[in-house]
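Contents: one structure, followed by commentary.
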Amino acid sequence: MDNGLTKLLEQNIKDQVLRKIILKISANQRISPDDGLVLFESGDIGLLACLANRIKEKLYGDAVFYNRNIHIEPTNLCVFDCKFCSYSRLIRQKNDPDAWEMNEDEIIERILRFPAGSITEVHIVGGVHPKMTLKYFASLINKISAIRPQLHVKAFTAVELEYMCRKAGVSYRDGLKYLKENGLESLPGGGAEIFDETLRREICEDKCTSQQWLEIHETAHSLKIPSNATMLYGHIETFIHRIDHMERLRQLQDRTHGFNAFIPLKFRNRNNQMSAIPETPVMDDLRTYAISRIYLDNFSHIKAYWPMIGKETTRLLLNYGVDDIDGTIDDTTKIYSMAGAEEQHPVMTSAEMISLIRSSGRNPVERDTLYKPLANIGSD
Ligand code: V47
Ligand code: SF4
């Protein structure tokens with residue numbers, strides 16, 4: 001154990017249960033769900049930072065990853081009605097001034113605005129529109145891959161995939177295989193929300209179940225399609241539900257090793273059916289990210305998605321186990337700005353990302369989607 005940790009233990013940790021957990025973490029042993037709960041309930045924030053940082057630094061030293069990507073949200077019309085969602089509109093509201101539908105030409109035009117090589121990833125997610133079918137999306141990503149062969153296509157949450165496959169009458173395996181053949185390279189982590197079935201019924205009862213979400217990711221991994229995982233926190237869930245969520249992911253990751261990053265997503269309360277719930281304090285963000293780093297010992301990366309959590313909290317999180325801040329978004333996502341996130345027009349150039357990472361004493365490393373460091377590390 002390093003000296004800092006030994007000192008901390010000697011000075012502060014009189015509680016024998018907590019002491020045992022810290023010794024486990026220091027010995028690189030896996031902690032149990034009960035241990036995770038103790039950390040949420042009584043882990044001192046300085047101690048959590050120290051433990052999470054130690055894990056992060058053992059993996060990557062001072063490096064913090066970022067990438068150059070854009071988001072495409074083809075539509076915000078959605079057949080589902082999640083209570084926390086601020087950006088979608090029901091299909092019957094398609095004339096609402098805030099509703100949009102992009103056609104294929106508009107999507108391609110948006111990609112062509114970015115010269116080849118200026119971005120490395122396109123992230124495509126949106127509302128679940130009945131007209132945007134498996135075939136439609138296969139054709140779209142096929143065209144994207146043809147015009148920009150070097151661009152990594154990360155697309156479709158398990159929620160969109162469940163709907164597309166169901167409508168097309170194909171298994172998840174066949175649907176994913178077909179998308180892969182047409183250019184799909186990885187899946188984003190959205191739609192996981194919170195896996196506890198009772199809470200899920202309360203906040204998003206009509207979309208894919210937790211079991212379906214996990215099955216789709218497991219199938220993707222078996223087809224060598226890597227993915228991410230998210231957790232929506234800071235609403236009606238308790239610490240027990242957060243640990244249960246992470247435990248289900250940890251178990252799946254033990255079987256497949258197909259997840260790249262875990263992304264805790266803080267619930268933002270503007271303009272949605274859950275607006276009466278106050279947003280959780282920053283201290284809870286720090287605690288949640290640090291415990292994620294400690295608990296998910298088989299996940300390589302913990303990502304702070306800055307357009308959602310804000311630049312200032314992102315900077316703080318770089319000392320709470322986070323090793324990745326995602327991409328230069330170029331104002332292409334509306335999910336969080338419509339939900340009241342600080343970043344109303346989320347744009348950061350590479351130079352700004354580099355400077356944000358440097359300002360917290362870390363070393364910026366540009367990566368591709370699969371975390372391969374790129375040659376122009378730290379350049380503009
Ligand atoms: O699944 C919706 C969340 C997710 C709100 O994989 C909200 O690299 C907070 O998953 N407050 C979609 N969150 C975004 C997503 C994502 C983002 C960035 C990177 C990656 C990745 C994935 O946004 C949804 C939902 O959990 N969300 N509304 C809200 N009011
Ligand atoms: Fe639709 Fe996704 Fe919004 Fe739910 S979170 S209403 S599935 S866009």
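Start at 1 and go down the list; that is how both ligands and their atoms are numbered.
Which parts of ligand 1 touch Asn272 is read off a 4.0 Å heavy-atom cut-off, strictly below it: atoms 30 (N). Close approach of ligand 1 to Gly191 (heavy-atom distance below 4.0 Å) involves ligand atoms 1 (O). With ligand atoms numbered from 1 in the order given, ligand 2 contributes 3 (Fe), 5 (S), 6 (S) to contacts under 4.0 Å with heavy atoms of Cys85. Near Leu232, meaning under 4.0 Å from any of its heavy atoms, are these atoms of ligand 1: 7 (C), 9 (C), 13 (N). For ligand 1 and Lys303, the ligand atoms under 4.0 Å from any heavy atom of the residue are 8 (O), 21 (C). The Thr230 neighbourhood of ligand 1 comprises atoms 10 (O), with distances under 4.0 Å to a heavy atom of that residue. Heavy-atom proximity to Phe267, at under 4.0 Å, picks out these atoms of ligand 1: 9 (C), 11 (N). Atoms of ligand 1 lying under 4.0 Å from at least one heavy atom of Leu265, given by number and element, are 3 (C), 4 (C), 10 (O), 23 (O), 26 (O).
Within the structure, ligand 1 has Lys266 among the residues with a heavy atom less than 4.0 angstrom away.
Counting heavy atoms under 4.0 Å from ligand 1, residue Ile263 touches it through the side chain alone. Of all the heavy atoms of Cys78, the ones lying under 4.0 Å from any atom of ligand 2 belong exclusively to the side chain.
Ion pairing of Asp323 with Lys56 is absent here, as no side-chain N (NZ or NE/NH1/NH2) approaches a carboxylate O to less than 4.0 Å.
Ring orientation note: the planes of Phe65 and Tyr371 are nearly perpendicular, at an angle over 60° on the 30°/60° scale.
Taking only non-hydrogen atoms, the option from Tyr305, Trp306, Phe84 nearest to atom 29 (C) of ligand 1 is Phe84.
Looking at ligand 1, you won't find any N or O of His123 less than 3.5 Å from one of its N or O atoms.
In this structure a side-chain-to-backbone donor-acceptor pair under 3.5 Å is present from Thr230 to Gly189.
Counting heavy-atom neighbours within 6.0 Å of Ile240 CD1, excluding the residue itself, gives a total of 12 or less.
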